[in-house]
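Beneath this line is the structure, given in structure tokens, with notes to follow.
In each ligand, atom 1 is the first atom listed, and ligand 1 is the first ligand listed. All heavy atoms count here, side chains included; hydrogens, waters and symmetry mates do not.
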Amino acid sequence: MKIIDLRSDTVTKPSAAMKQAMFSAPLGDDVFGDDPTVNKLQSETAKLLGKQAGLFVPSGTMGNQIALKTLTRPGDEVILDHESHIFRYEVAGAAVMSGLQFHTINGPGGIMTAEQVKDAIRPEDIHQPQTALVCLENTHNRAGGVVYPLSEIKKISALCKKRKIKMHLDGARLWNASVASGVSLKEYSKYFDSVMVCFSKGLGCPAGSVLVGSKEFIEKARRNRKMMGGGMRQAGILAGAGRYALKHNLKRMAEDHKRAKRLAQTISQIPKIRIDLASVQTNIVVFDIKQTGMGSEQAMEKLARKGLWLVSFGPTRLRAVTHLDVSDRDIAGAGEILKKVFISHK
Ligand SMILES: *Cc1c(COP(=O)(O)O)cnc(C)c1O
């Protein structure tokens, strides 16, 4: 049975051409700073994002954790959305590795407003922790891949500048935000001290993320990467995939977004499934099946038996993600399977 795998955009496998680019990439020892392919990917990514320097890291999680550590001191407080990746999916790493306390905000639809951030900033008070950092996520995964409005980013940035608070952007899918909105990567990045972008998602690479910021920030971040065990040697074999992807796989993400919209349309026509079409702005489709009487686990099992893989986003919520290895036919097929499972179910 052919499987239509919409669990995540991380499931893509490197294409033959990408493998060739990896295979032929010039290599060196990156802990000594001598891998030419890593150095190129770092500087190309920094340039794209309008920052002075970049650092190649094995995963997005490590990129975020290095940024948190580099921009704070133990005992500091970090403001972030309660549905953010850093809060939900990074194993409390910031508490363990950086001694940080999180102050979570319930941003409507994943979008914390400047007003909410303002209320969460600690006053000068001997009893209270100091607010050191605000983290945003663009696109916002659990909110359904929504694009962070630039106007709100600007307001939060103005507030943070005034209060001398740093800003980090979890831009695992910043590529998608830029392709969908037409706002350049540079414009999005301009408001942040550090930005992390992933190559292992929509860009289709096997692994790797890049953290960007000022030269001084990246020098400190490099030490923290070594501490966390992220110093890799001939990492150019991975960075080669990243360089290939920037050239070939970035602009085409618009196709993933079109397919996600098409799938969302089909889902919206299934009675008893709730989906907010306005939230389907990029490659993620989140929907609620509560009224069908089925739970996520049961639904996933039924869908899988017919060849469609999704992930659970809560007891009655499911997520589908389009990506490089999904075709128009797969989307049509996924729609058929969803209809079969949810329309015939009593
Ligand atoms: C995937 C993801 C990350 C990083 O994930 P890794 O699996 O560690 O590469 C970070 N933030 C968001 C929003 C993500 O979706």
Side-chain angles (χ1 to χ4, degrees), residues 5-14 41 45 49 54-69 78 80-94 96-97 102 104 107 109-112 133-148 153 167-178 180 188-189 192 194-212 221 224-225 228-230 232 235 238-239 241-242 245 253 256 260 279 281-286 310-313 317 319-324:
D5 191 350
L6 305 184
R7 286 174 301 169
S8 176
D9 41 11
T10 55
V11 302
T12 53
K13 299 195 184 90
L41 181 68
T45 309
L49 300 179
L55 185 69
F56 189 59
V57 292
S59 70
T61 299
M62 190 184 284
N64 281 335
Q65 292 299 322
I66 291 171
L68 289 166
K69 189 169 195 64
V78 179
L80 74 184
D81 179 63
H82 76 140
E83 288 278 47
S84 62
H85 193 279
I86 295 175
F87 179 56
R88 288 194 62 121
Y89 294 129
E90 301 192 4
V91 211
V96 178
M97 296 186 285
F102 281 158
T104 57
I111 307 300
M112 296 189 291
L133 182 67
V134 172
C135 296
L136 304 187
E137 185 173 310
N138 194 11
T139 65
H140 193 299
N141 174 29
R142 283 190 62 88
V146 296
V147 177
Y148 221 103
I153 297 174
M167 284 179 68
H168 169 68
L169 176 60
D170 176 346
R173 295 189 181 85
L174 189 64
W175 320 110
N176 298 85
S178 176
Y188 275 132
S189 305
F192 296 88
S194 59
V195 181
M196 184 283 291
V197 286
C198 285
F199 288 84
S200 54
K201 292 192 168 160
L203 286 175
C205 299
S209 291
V210 171
L211 182 63
V212 299
N224 286 328
R225 182 184 69 176
M228 290 182 191
M232 297 185 286
L238 292 171
M253 275 186 196
D256 298 340
S279 76
Q281 300 170 5
T282 56
N283 66 330
I284 298 179
V285 182
V286 176
L310 306 181
V311 295
S312 165
F313 248 30
R317 285 210 309 162
R319 182 188 76 167
V321 186
T322 58
H323 52 75
L324 196 52

Inset, instruction - Among all protein heavy atoms, pick the one closest to atom 15 (O) of ligand 1 and tell me residue, atom and distance. - result: K201 NZ, 2.7 Å
Legend entry - For the student: nearest non-hydrogen atoms of Q281 and G145, plus distance: CB-O, 4.2 Å
Inset, instruction - Using a 4.0 Å heavy-atom cut-off, say whether D170 meets ligand 1 through its side chain, its backbone, both or neither. - result: side chain
Legend entry - Geometric N/O contact T61 with ligand 1, under 3.5 angstrom: yes
Legend entry - Check: W175 ring centre within less than 6.0 Å of F199 ring centre: yes
Inset, instruction - Just jot down the ligand 1 atoms closer than 4.0 angstrom to any heavy atom of E137, in number order. - result: 13 (C)
Legend entry - Interfacing atoms of ligand 1 (cut-off 4.0 Å, heavy-atom, S59): 8 (O), 9 (O)
Legend entry - 4.0 Å heavy-atom contact, R173 with ligand 1: yes
Inset, instruction - Output yes when R142 and D81 qualify as a salt bridge under the 4.0 Å nitrogen-oxygen rule, no when they do not. - result: no
Legend entry - Check: Y148 side chain, G110 main-chain N or O, donor-acceptor pair, under 3.5 Å: no
Legend entry - Nearest-0.5 Å distance that lies between atom OG in S8 and atom NZ in K201: 6.0 Å
Legend entry - Location of contacts on N64 toward ligand 1, heavy atoms closer than 4.0 Å: side chain
Inset, instruction - Flag G60 as yes when one of its N or O atoms lies below 3.5 Å from any N or O atom of ligand 1, and as no otherwise. - result: yes
Inset, instruction - Could you check N64, V197, L136 and say which one makes a side chain to side chain contact (heavy atoms under 4.5 Å, CB included) with L169? - result: L136
